Amino acid sequence: MNFDITSGLNEKQKEAVLNGDGRVLVLSGAGSGKTRVIAHRIAYLLLEKGVSPYSILSVTFTNKAANEMKERVLKLLNRESVPFLWIGTFHSVCARILRDDIEKLKIGIDKHFTIFDRDDSKSLIKKILKEEKFSEEVYSASEIIEYFSLQKRGGKGYKNTVLNSIYEIYSKRLIESNAVDFDDLLLFTLKLLKEIEDVRKKYQERFKYILVDEYQDTNDIQEELLSILSQKWKNTFLVGDEDQSIYGFRGSKVRHIVEFPKRYEGVKIIRLEQNYRSFDSILKAASALVSHNTERLGKNLWTDRRGGEKIYFFSGLSDREEANFVADTINKLSENYNFSNFAVLMRTNAQSRAVEETFLNKKIPYQIVGGLKFYERKEIKDILAYIKLAINPYDRVSLLRIINTPQRGIGKTTIEEIETISREREIPLFNAIKEGLEEKTLKLRGVSSLQTFLKIIEETLTKIKELKPSEVVAWLINEISYEDYLESHNDPNKESRIENIWQLVSALKEFEEKEGANFESFLERQALQSDQDELNGESSKRDSVKVMTIHSAKGLEFPVVFIIGVEDGYFPHEFSKMKEEEIEEERRLLYVGMTRAMDKLFLTNSRTRYIYGNVVERDPSPFLAEIPQKYIEKVYGVEAGKKLNWNILEDFFEEGKEFGRENQLLKPGARVCHKTYGVGVVLSTEGSGENLKVNVSFSRFGRKKLLAKLAKLEIL
DNA sequence: TTCTATAGCGAGAAA
DNA sequence: CGCTATAGAA
């Protein structure tokens, strides 16, 4: 072997790549080249240690990261492909394991199962709430689905009996639909490994080397999966950074990475502390911020990139002014940068609106990453529901979605009839239609429509067997006149919807060329798609500014980064300032955002902002006071001499650390507690003094307008 | 059964 | 403010 696998790596990276067997924890700071280390490590195992690709499992956080990893490894190996090497996300790896062996669990799910995304799960819950007359229940479908997810992850019993019975129906319906939700993917895999010995043995034997990226964001179930899979060979190579753990709401726990060295004996820790991404001013500012956290192992990031500019801070009077500042700065800097060198990062998706409007005005090309994803769009889900139903006729959610879309005269009554047949005979809806038609028990009106529907699905299945996926979809769009259906609606987005369905055909074509003509694997990919996957898509090939949440920006880097809305209420978010550990995660979130920047970093905020269409006053983020002022340059914005901005900032920095101020006043954004209504957030106020009225959104009782004097609201 | 207008609610991050 | 669920008319 005349090629040195470690060339171009620093000492620490080499140490990690060449490490022998055993459990390793690679603590790798932002921009320290961890993807590189994993790719080199895989190449090293294959080339130098003669490990079979069959014995390696590499888990990444997103599909995009998995693809990048694959490409890097192939390049290092100088090959076109490496068969049997598993690189994928936890969810996709689990889906793959389940496709082979789920039938062994004997839970009534076969290998053609459909993966329900959150939206599918939600419509299932809504349906159950309606049917079972839980309407007086105060929980919304999304609250319930989140609650179920939490329970599934934690594995605890259900305390609430109503929720408990909804949960039972939900689980039953999933099985009837031959479907699994996101949590099931992980949970059933765990069950499979725990309960079926030969499956467990198969994978324990197989995966001699397991590599995990973004380890700080694993949840309990993933943690247990790893522990079982690695039990025989004990070779886990975990790469992560506790300071970048930002998925607590999805069940990830910093604890896993922080306590890993204590959990097993002889864990080797390697720290990657050289940052190759950012100028030192950016790095120092970000490090100073995150050093306020307690739950960390600690590290000292450093860089060779000296002499950069300070980070910039701008405070606008309105979100509009803030967006203008961002746009004008981009225009100014665009002499030296491409548009795709800029990223605008934010805490919540809703913040993108002001930015989008301004960018449209000022003719700045942009792409929103995340938010409503391509495959979550109504038109795409409609079309794919036909395919899903043809492949998996048990899929209730897909069936109900399209039975009358486009309208073919199948209304509430007809649907209720087939649902009754389905329930009474305990057969899937699809069969209920068939039987109902054969026995002529259905009322006349719906019969011919149902026949048409049945025929379409059956023909779709035939076409799937005969044609390529892209051809099937093109045929289907014509067959059901879907374009006419969109056309006939008074929908302001109808043009883009029509565009989208043909874009789906193109996406399928591309998939066929790369991955072969298998619809099921396409659907699986689609269900497990992540935000970042859009960055490989057609629209991102245009030179455009990328606009996204910080969560979506994880793992990415950009020459120029703007973080907007650096305010109390976003950093930390209103909902996350109750517990110290939540505040720490919010701090990490800002840290992750800041460390995306290579050359220039702008933090911006606004004194006022539209929330729910109301103007709300905002304070700067308390985290700003944790960044030493010497790293910050305050800018006035485009219109010079905005004395006010300056003063606001000065005041803020001087008064500075009044972190716990937690406003003594009832003002928008304040969290309050009411004796009967429970916890809520103040949306707006009217009047003052004796007549002060507060408009509060309670999490369990919705919006209420209360007279402050009488309501006796406790400010949390 | 379908179409249309509007009330009312909502948005924290996502595989 | 923007989306959607729903009520009521056609």
Side-chain angles (χ1 to χ4, degrees), chain A residues 59-66 88-95 115-119 121 126 130 140-143 145-146 149 153 181-186 214 217-219 221-222 246-252 319 345-354 357 369-373 375-376 378 404-415 445-446 449 488-493 524-533 548-554 565 569-577 582 585-586 588-589 592-593 609-615 681 683 695 697 699 702-703:
Chain A
V59 185
T60 57
F61 194 71
T62 64
N63 289 307
K64 179 168 181 275
T89 62
F90 270 109
H91 286 86
S92 67
V93 165
C94 287
I115 300 170
F116 274 13
D117 61 23
R118 266 293 191 274
D119 199 53
S121 297
K126 275 187 192 159
K130 249 189 212 160
S140 71
S142 22
E143 276 173 315
I145 193 65
E146 283 315 311
S149 178
R153 274 181 268 130
D181 65 20
F182 281 145
D183 297 300
D184 289 341
L185 279 174
L186 303 177
E214 308 278 13
D217 282 319
T218 48
N219 67 26
I221 309 292
Q222 294 165 335
I246 53 173
Y247 277 90
F249 66 92
R250 227 166 70 183
S252 72
D319 42 2
L345 307 183
M346 57 217 179
R347 177 65 235 264
T348 70
N349 279 308
Q351 288 169 262
S352 72
R353 179 143 283 131
E357 280 166 14
V369 180
L372 221 212
K373 275 166 248 149
Y375 290 101
E376 285 171 3
K378 213 191 301 198
N404 200 34
T405 307
Q407 291 92 322
R408 47 178 73 87
I410 304 176
K412 220 159 94 187
T413 356
T414 314
I415 293 174
R445 191 109 70 94
S449 319
S488 70
H489 274 241
N490 232 352
D491 180 347
N493 302 322
E524 187 163 307
R525 175 76 60 88
Q526 172 265 121
L528 301 176
Q529 232 218 5
S530 67
D531 281 350
Q532 292 188 359
D533 295 324
M548 66 188 104
T549 63
I550 295 179
H551 283 91
S552 294
K554 179 178 189 178
Y570 281 148
F571 297 97
H573 193 277
E574 207 54 62
F575 298 163
S576 295
K577 37 165 66 169
E582 287 176 340
E585 180 152 322
E586 298 292 305
R588 288 194 291 267
L589 198 54
V592 168
R609 179 172 300 283
Y610 274 93
I611 291 178
Y612 288 123
N614 301 317
V615 184
V681 178
L683 296 177
N695 194 3
S697 169
S699 54
R703 216 186 272 191

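Just so we're on the same page: letters track the sequence lines, and every chain starts at 1. Every heavy atom of this structure was used, including side-chain atoms; hydrogens, water molecules and symmetry mates were not. Just so we're clear, the structure is a prediction, and the values are computed from it rather than from any experiment.
- Classified by interplanar angle (parallel below 30°, tilted 30° to 60°, perpendicular above 60°), the ring pair A:F182/A:H91 is perpendicular.
- When each of C:dC3, B:dA13, B:dA15 is scored by its nearest atom to the side-chain atoms of A:R353, the top-ranked nucleotide is C:dC3.
- Panel note: side chain A:N404, backbone A:I410; a donor-acceptor pair is recorded below 3.5 Å.
- Counting to the nearest Å, the P atom of B:dA13 and the CZ atom of A:F575 are 10 Å from each other.
- At B:dA15, none of the side-chain N or O atoms of A:S92 fall inside 4.0 Å of OP1 or OP2 (strictly under the cut-off).
- Of the possible polar contacts, one joining the A:N63 side chain to the A:L528 backbone as a donor-acceptor pair under 3.5 Å is found.
- When the side-chain nitrogen and oxygen atoms of A:N404 are compared with OP1 and OP2 of B:dT2, one or more of them lie within a distance under 4.0 Å.
- Note that the CG atom of A:L345 and the CG atom of A:L589 stand 10.0 Å from one another [nearest 0.5 Å].
- Summarising the geometry, the separation between CD on A:E357 and P on C:dC1 is reported as 10 Å, rounded to the nearest angstrom.
- Here the side chain of A:Q407 is nearest to one of B:dT2, B:dA14, B:dA11, namely B:dT2.
- For A:T413, counting side-chain heavy atoms from C-beta on, the closest listed nucleotide (C:dG2, B:dA13, B:dT1) is B:dT1.
- Here the separation of B:dA11 from C:dT6, taken at their P atoms, is 15 Å to the nearest Å.
- By the criterion of a centre-to-centre distance under 5.5 Å and near-parallel planes under 30°, the ring of A:F249 forms a stack with the base of B:dA13.
- Between A:T549 and B:dA14 there is a side-chain polar atom (N or O) within less than 4.0 angstrom of OP1 or OP2.
- The distance between atom CD1 of A:I611 and atom C1' of B:dG12, rounded to the nearest whole Å, is 12 Å.
- A salt bridge links A:R347 to A:E586: at least one charged side-chain nitrogen sits closer than 4.0 Å to a carboxylate oxygen.
- Nearest heavy atoms, A:I550 versus A:G593: CG2-N, 3.7 Å.
- As judged by a 4.0 angstrom heavy-atom cut-off over every strand, A:F90 is placed among residues making no nucleic acid contact.
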Which atom pairs link the protein and nucleotides 5-10 of chain C when you take only N or O atoms and keep those under 3.5 Å?
from, atom 1, to, atom 2, distance (Å)
C:dA5, OP1, A:K126, NZ, 3.4

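- Side-chain N or O atoms of A:E146 include none that pairs as donor or acceptor with a backbone N or O of A:E143 at under 3.5 Å.
- In this structure A:E214 satisfies the salt bridge (Lys or Arg N to Asp or Glu O under 4.0 Å) test together with A:K34, A:K554, sequence neighbours excluded.
- Under the stacking definition used here (centres under 5.5 Å, planes under 30°), the residue A:H551 fails to qualify as stacked on the base of B:dA14.
- OP1 or OP2 of B:dA13 sits under 4.0 Å from a side-chain N or O of A:N349.
- Panel note: side chain A:D319, backbone A:Y610; a donor-acceptor pair is recorded below 3.5 Å.
- To the nearest 0.5 Å, atom CD1 of residue A:I145 and atom CG of residue A:D183 are 8.0 Å apart.
- In this structure, A:F182 atom CZ and B:dA14 atom P are separated by 12 Å, rounded to whole Å.
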Q.
Counting Watson-Crick and G-U wobble pairs with both distances under 3.5 Å, what is the dot-bracket string for DNA chain B, 5' to 3', using [ ] for crossing pairs and | for pairs to another strand?
A. ||||||||||.....

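- One atom, CZ of A:R118, and another, C1' of B:dA15, lie 9 Å apart when rounded to the nearest Å.
- The phosphate of B:dA11 has neither OP1 nor OP2 within less than 4.0 Å of any side-chain N or O from A:Q351.
- The CG atom of A:L345 sits 14 Å away from the C1' atom of B:dA13 (whole-angstrom rounding).
- Put simply, CZ on A:F116 is 19 Å from C1' on B:dA14, counting in whole angstrom units.
- Taking the six-membered ring for Trp and the full ring otherwise, A:F249 and A:H551 have centroids separated by under 6.0 Å.
- Checked by distance alone, A:E146 brings a side-chain donor or acceptor within 3.5 Å of a matching partner on the base of B:dA14.
- In this structure, A:E582 reaches neither bases nor backbone, as no heavy-atom distance under 4.0 Å exists between it and the strands shown.
- Position along DNA chain B of the nearest nucleotide to A:Q529 versus A:G411 favours A:G411 as the more 5'-ward residue.
- Atom CG in A:L589 sits about 14 Å away from atom P in B:dG12, given to the nearest Å.
- Phosphate proximity of B:dA15 to A:T62: absent, as no side-chain N or O sits under 4.0 Å from OP1 or OP2.
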